[in-house]
Amino acid sequence: MRVATYNINSIRSRHARAIDWMVREEIDVVAFQETKCKPEQFPVEAFEEAGYEIVSHGLSQWNGVAFASRLPMSDVEINFPGQPGFLKGAEGPDQPQEARAIGVTVDGVRLWSLYVPNGRALGDPHLAYKLDWLEKLRTATSEWMTQNPGLPIALMGDFNIIPTDEDNGDPTIIVGESTHVSPEERASFAAFADIGLMDTVRPLVPTGYTYWDYKQLRFPRNEGVRIDFILGNQEFADLVTAAGIHREERKGDGPSDHVPVVVDLEIAGDDDDRPMFL
DNA sequence: ATGCCGAAAATATTTCGA
């Protein structure tokens with residue numbers, strides 16, 4: 001099973017390009033972020049024509065997460081338990097949840113597509129929201145693992161954190177001045193290891209970025225950052241046989257500013273008789 | 001050439017992204 005995470009930066013603008021890539025690369029499951037549309041606006045038919053089913057969550061032109069899969073999906077879950085909300089200018093609890101999390105089960109593997117809040121700037125309320133969101137995600141993930149021993153679980157998505165200086169090739173992102181590299185954000189990312197999740201791509205792809213800003217020739221200069229991850233528990237990591245960062249997808253006409261991150265999973269008992277949507 | 005930001009709602013300019 002070949003699984004990917006992809007911040008697509010508008011599925012309506014880029015679905016044809018994404019589908020071409022999925023078919024060409026024989027991707028079974030994609031966790032999308034920043035679909036930027038409501039479910040009724042999602043170009044479902046184009047995916048179905050290519051053999052992929054869609055489950056999506058979107059509330060407006062902002063955020064939005066989805067799964068496309070050519071293997072059966074079950075147990076679709078919108079939002080994770082305890083997921084915080086955010087409303088600009090609002091204070092206190094009970095703010096509305098944004099469209100940043102959707103979970104599915106495929107072939108006995110639990111997958112989440114996650115679009116972690118940006119943080120915007122040091123000192124911005126959005127950064128406190130980001131850190132709270134990540135803390136609650138860790139709590140929920142710990143619960144899933146204790147309640148489902150042996151279940152392979154992966155958190156896939158745009159974490160909006162640059163874990164180490166080696167992951168930062170953008171000269172405008174500066175420790176001490178910028179979000180994504182603050183000690184608090186880096187500690188929050190590292191804390192996922194404390195609950196038993198590991199970066200399943202880095203051991204197989206030791207270098208490379210997943211995002212390059214559209215501005216200032218960031219891609220031609222290779223001044224990117226690594227912010228898109230597939231974090232898995234031990235059961236998930238044990239299935240991973242290969243990984244890749246598809247930087248070719250940043251080239252050409254109309255790319256997303258992110259590229260897909262892919263892992264291959266070897267699942268015992270699988271064969272070519274698995275049901276598929278066609 | 002991998003080339004100087006793009007999407008979306010609104011309809012000109014603003015918000016958001018990292």
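In what follows, every chain begins at residue 1, and chains take the letters A, B, ... in the order their sequences are listed.
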Just grab all the ring-ring contact (aromatic ring centres under 6.0 Å, His included) pairs involving residues 57-83 of chain A, residues at least two apart or on different chains.
A:Phe80-A:Trp133
Side-chain N or O of A:Arg12 less than 4.0 angstrom from OP1 or OP2 on B:dA9?
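Affirmative; the distance criterion is met.
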Check whether any side-chain nitrogen or oxygen of A:Ser10 sits under 4.0 Å from OP1 or OP2 of B:dG6, and answer yes or no.
no
Those residues of residues 154-173 of chain A lying under 4.0 Å from DNA chain B by at least one heavy atom:
A:Asp158, A:Asn160
Residues within residues 251-261 of chain A bordering DNA chain B, heavy-atom distance below 4.0 Å:
A:Lys251, A:His258
Please report, rounded to the nearest Å, how far the [atom2] atom of [N] is from the [atom1] atom of [X].
| X | N | atom1 | atom2 | result |
| --- | --- | --- | --- | --- |
| A:His180 | B:dG17 | NE2 | P | 9 Å |
| A:Asp213 | B:dA7 | CG | P | 13 Å |
| A:Leu59 | B:dA8 | CG | C1' | 16 Å |

Should [X] and [Y] count as an ion pair when the cut-off is N to O under 4.0 Å?
| X | Y | value |
| --- | --- | --- |
| A:Glu53 | A:Arg70 | no |
| A:Lys136 | A:Asp132 | yes |
| A:Glu26 | A:Arg2 | no |

Within the 3.5 Å criterion, strictly below it, is a donor on A:Thr210 or A:Asp228 matched to an acceptor on the partner's side chain?
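Result is yes, a qualifying pair exists.
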Lys NZ or Arg CZ of A:Arg247 over A:Tyr209 ring: under 6.0 Å, within 45°:
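No, A:Arg247 does not sit over the ring of A:Tyr209.
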Set of residues satisfying salt bridge (Lys or Arg N to Asp or Glu O under 4.0 Å) with respect to A:Lys251, sequence neighbours excluded:
A:Glu248
List every contact pair, protein side and nucleotides 14-16 of chain B side both N or O, where the distance is under 3.5 Å.
| from | atom 1 | to | atom 2 | distance (Å) |
| --- | --- | --- | --- | --- |
| B:dC16 | OP2 | A:Lys88 | NZ | 2.9 |

Kindly list each side-chain donor-acceptor pair under 3.5 angstrom involving residues 146-160 of chain A, sequence neighbours excluded, with atom names and distances?
| from | atom 1 | to | atom 2 | distance (Å) |
| --- | --- | --- | --- | --- |
| A:Thr146 | OG1 | A:Ser142 | O | 3.2 |
| A:Thr146 | OG1 | A:Glu143 | O | 3.0 |
| A:Gln147 | NE2 | A:Glu143 | OE1 | 3.0 |
| A:Asn148 | ND2 | A:Trp144 | O | 2.8 |
| A:Asp158 | OD1 | A:Asn160 | N | 3.0 |
| A:Asp158 | OD2 | A:Asn7 | ND2 | 3.0 |
| A:Asn160 | OD1 | A:His180 | NE2 | 3.2 |
| A:Asn160 | ND2 | A:Val116 | O | 2.8 |

If you count heavy atoms of other groups shown closer than 6.0 angstrom to CD of A:Glu40, is the number above 12?
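Atom CD in A:Glu40 is packed in, count exceeds 12.
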